[in-house]
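Working notes, structure below.
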Amino acid sequence: MRASILVAVLTVGIMAISGGLFAADVPPAPKASTFAPAQDLVVAVDSYIERIGEALADANEFADLQSRVVKDAETVSVLALVLGLHDEDNSYKAAASELIKTSQAVAQASDYAAAKAAFEKLQAAKTAKGGAVTGWIRVASLKALMEQVPLVNSRLKRNLRRFDRQAEGIAVDAAVLAAIAQGSMANLDETIQPSNSEKWFAFCEQMRDAAAAVNKAARAKDEASAVTAERALAKSCDDCHAIFHPEGVGKTE
Ligand code: HEC
């Protein structure tokens, strides 16, 4: 009797695991330095926070810029996550969990006053300490991240045409795309195929690694490699959209 109960419990347990009743865990990531140098992400965090501040300088402007503020704040959340888990020491490692919490509050603020109050906390969070980030958890909405990606990608492509002058900006944008790709793995549940974890993780990796190659080429001042890597990056957009965002195939500008 006891044995049969044990067998039943085990069987249900195994079915639950193989049937995907439990959310798929994000696969282990390589060291963040291999796809997004901490220094590039720190520069990006500063520039997104600065841009949010500009949008909040004036209540009338904010009405027009609120959707950009949401995208930028959600981007800060993901960048802070990667910096918190980063193998390279960096100025936001200790602040990461506060940066995530406060940038999420900025993204969720419903009006100008709330956004401004949340932004003050975000700025204070830059020097926060403690509250370590523990793993590749979901810190942003997939929709907001996927609205940010084409904007960053378009700027990156534009800058590729003036490679010598813009190598720095290309490297930073590529690191941001790599970080968003890695961070998006945790957003599987928000996709149209939440049970297709294998493909989702593989496409996120494909985008992350292609963006990482653009970053490395830009840092090496190697224009030809940067152009080749950018093509692989564009392919990753289309490959993923073919399955997870069919209406977006070919619309990566
Ligand atoms: C890992 C899969 C994946 C990769 C890689 C990917 N996307 Fe997406 N993309 C999506 C999904 C899923 C959505 C739909 C998000 C939603 O609305 O919830 C989307 C939405 C979009 C949208 C529509 C956003 C809107 O306004 O609603 C654009 C544009 C886009 N992606 C551009 C890109 C570009 C450019 C790249 C490559 C640099 C890229 N994507 C890489 C999965 C991906």
Side-chain angles (χ1 to χ4, degrees), residues 23-30 35-36 40-41 44 48 64-75 77-79 81-82 104 107-108 136-161 166 169-218 225-253:
D25 283 333
V26 171
F35 59 87
D40 289 338
L41 299 182
Y48 285 103
D64 294 334
L65 296 173
Q66 188 169 10
S67 76
R68 198 184 79 190
V69 167
V70 171
K71 291 191 269 278
D72 287 353
E74 302 255 16
T75 302
S77 300
V78 167
L79 300 178
L81 177 70
V82 181
Q104 285 173 342
Q108 279 150 23
W136 294 106
I137 50 165
R138 197 194 89 103
V139 296
S141 96
L142 183 63
K143 181 139 185 59
L145 294 179
M146 278 302 155
E147 286 174 0
Q148 183 77 284
V149 164
L151 303 177
V152 178
N153 189 54
S154 301
R155 184 172 55 205
L156 188 156
K157 281 169 68 176
R158 223 171 28 245
N159 283 336
L160 267 180
R161 285 182 230 126
Q166 300 296 341
I170 293 168
V172 171
D173 280 338
V176 168
L177 290 178
I180 290 178
Q182 172 63 39
S184 301
M185 288 197 195
N187 296 71
L188 169 68
D189 287 356
E190 291 164 69
T191 70
I192 53 173
Q193 292 190 33
S195 61
N196 201 349
S197 56
E198 215 172 296
K199 283 240 157 63
W200 180 252
F201 296 149
F203 289 136
C204 288
E205 280 176 16
Q206 190 185 339
M207 175 175 160
R208 178 194 69 203
D209 295 345
V214 175
N215 173 276
K216 285 193 184 73
S225 296
V227 169
T228 307
E230 196 281 324
R231 280 198 206 110
L233 177 59
K235 184 173 182 311
S236 79
C237 320
D238 279 339
D239 286 355
C240 185
H241 290 166
I243 306 237
F244 288 99
H245 184 57
E247 58 272 48
V249 175
K251 284 190 249 164
T252 46
E253 290 302 312

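We use all heavy atoms of the structure for the numbers below, so side chains are in, but hydrogens, waters and symmetry mates are not. One-based numbering, in listed order, for ligands and for the atoms of each.
Each of the following atoms of ligand 1 lies closer than 4.0 Å to a heavy atom of Phe244: 12 (C). The atoms of ligand 1 that sit less than 4.0 Å from any heavy atom of Ser236 are 5 (C). Counting the atoms of ligand 1 from 1 in the order shown, those under 4.0 Å from a heavy atom of Cys240 are 1 (C), 2 (C), 3 (C), 4 (C), 5 (C), 42 (C), 43 (C). Atoms of ligand 1 found under 4.0 Å from any heavy atom of Glu147 (numbered from 1 in listed order, with element): 25 (C), 26 (O). The ligand atoms of ligand 1 that sit less than 4.0 angstrom from a heavy atom of Met207 are 5 (C), 41 (C). Close approach of ligand 1 to Cys204 is summarised as follows: ligand atoms under 4.0 Å from at least one heavy atom of the residue are 1 (C). Of all atoms in ligand 1, listed by their number and element, those nearer than 4.0 Å to a heavy atom of Cys237 are 34 (C), 35 (C), 36 (C), 37 (C), 38 (C), 39 (C), 41 (C).
Between Arg155 and the choices Asn153, Leu151, Asn159, the side-chain contact (heavy atoms from CB on, under 4.5 Å) rule is met once, by Asn159.
Between Ser225 atom OG and Lys216 atom NZ the span is 12.0 Å, to the nearest 0.5 Å.
Contact record, Ala144 with Glu74: CB-CG, 3.6 Å, taken as the closest heavy-atom pair. Between Leu142 and Thr191 the shortest heavy-atom distance is CD2-CG2, 3.9 Å.
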List the atom pairs, with distances to 0.1 Å, where a side-chain N or O of residues 206-213 and a protein N or O form a donor-acceptor pair under 3.5 Å, not counting sequence neighbours.
from   : atom 1 : to     : atom 2 : distance (Å)
Gln206 : NE2    : Asp239 : OD2    : 2.9
Arg208 : NH1    : Gln182 : OE1    : 2.7

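Residues satisfying the salt bridge (Lys or Arg N to Asp or Glu O under 4.0 Å) test with Arg231, not counting sequence neighbours, are none.
The residue from Ala234, Pro150, Ala181, Pro246 that puts a heavy atom closest to atom 29 (C) of ligand 1 is Pro150. With atom 33 (C) of ligand 1 as the reference point, the heavy atom nearest to it among Met146, Gln193, Lys71, His241 is part of His241.
The aromatic rings of Phe35 and Trp136 sit tilted, their planes meeting at an angle between 30° and 60°.
Of the polar atoms of Lys143, at least one N or O is found under 3.5 Å from an N or O of ligand 1, judged by distance alone.
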